[in-house]
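Shown next, in C-alpha cells, is the structure this report addresses.
Worth knowing before you read on, the calculation uses all heavy atoms, side chains too, and leaves out hydrogens, waters and symmetry mates.
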Amino acid sequence: MGQQETYPGPASAELRERWRRDRRTIVRLHHPDRGGDPAVLQQELRDNDQFYRRWEQDANPAVGRPGRRRFSHAVRAVRARIPRGWPGRRRYFDL
C-alpha cells in the first residue's frame with residue numbers, strides 16, 4: 001500500500017479535543033492488542049478523520065453550510081418533544 005496523507009486534526013480547539021476523544025474510543029474498542037481486527041481499526045480511524053474533515057469544511061463560512069438548516073430543524077423537533085418544565089424545552093408554540 002502507498003503512503004496516505006495523515007490528517008492532523010481540526011483547527012478548532014474544541015473540535016480537536018472531540019476528535020481526539022473519538023479516536024481514543026475507537027482505538028480502545030478495535031486495537032489488535034485488545035482482540036480487535038487491525039483492518040477494522042484502520043477503517044474506523046479513516047472514517048472518523050473523514051467525518052471531522054467534512055465537519056470542518058461545512059463549518060467554514062467560505063465553503064458554506066449545507067447541513068446547518070437540517071441540523072437546526074432536527075434540534076427544534078427534539079425540543080418540541082421534551083416534557084414541559086424540563087431544561088431545553090422550547091418556551092413558545094407555533095401558530
Side-chain angles (χ1 to χ4, degrees):
M1 293 188 96
Q3 245 344 345
Q4 290 185 355
E5 173 189 333
T6 58
Y7 179 57
S12 163
E14 288 181 38
L15 204 54
R16 185 189 234 2
E17 186 59 34
R18 189 170 174 180
W19 172 74
R20 289 179 65 200
R21 251 185 287 138
D22 288 349
R23 283 183 63 90
R24 287 178 180 168
T25 301
I26 292 168
V27 169
R28 227 179 284 124
L29 292 173
H30 301 290
H31 198 277
D33 290 347
R34 304 227 9 187
D37 183 18
V40 172
L41 173 64
Q42 290 173 355
Q43 183 60 43
E44 289 289 325
L45 289 174
R46 260 187 253 120
D47 291 346
N48 186 50
D49 291 348
Q50 183 179 8
F51 174 78
Y52 279 96
R53 265 192 199 124
R54 183 160 181 136
W55 186 337
E56 199 170 31
Q57 288 173 355
D58 288 348
N60 186 351
V63 175
R65 294 180 171 185
R68 185 76 174 168
R69 176 178 281 174
R70 197 173 340 163
F71 178 73
S72 62
H73 180 72
V75 168
R76 204 173 307 127
V78 168
R79 283 188 176 165
R81 289 176 178 80
I82 297 175
R84 289 184 185 186
W86 285 36
R89 167 77 173 161
R90 65 181 185 185
R91 307 281 188 244
Y92 59 90
F93 57 92
D94 295 330
L95 296 176

Hey, could you give me the [atom1]/[atom2] distance between [X] and [Y], rounded to the nearest 0.5 Å?
X	Y	atom1	atom2	answer
Asp22	Glu44	CG	CD	11.0 Å
Glu56	Trp19	CD	CH2	10.0 Å
Asp49	Arg46	CG	CZ	9.5 Å
Asn48	Arg18	CG	CZ	10.0 Å

When you look at CZ of Arg53, are more than 12 heavy atoms from neighbouring residues, nucleotides or ligands closer to it than 6.0 Å? yes

Atom CD of Gln50: over 12 foreign heavy atoms under 6.0 Å: no

Is there a side-chain contact between Arg23 and Ile26 in this structure, where contact means two heavy atoms from C-beta onward sitting under 4.5 Å apart? no

Is a side-chain N or O of Arg16 found less than 3.5 angstrom from the main chain of Pro8, in a donor-acceptor match? yes

Group every Ile, Leu, Val, Met, Phe, Trp and Tyr by side-chain heavy-atom contacts under 4.5 Å, then state whether Leu45 and Val40 land in the same group. no

Tyr52 and Trp55 aromatic ring geometry - parallel, tilted or perpendicular at 30°/60° bounds: parallel

Quiz question: by atom type and distance under 3.5 Å, do the side chains of Gln43 and Asp47 form a donor-acceptor pair? yes

Where His30 and Leu41 come nearest, the two heavy atoms and their spacing: O-CB, 3.6 Å

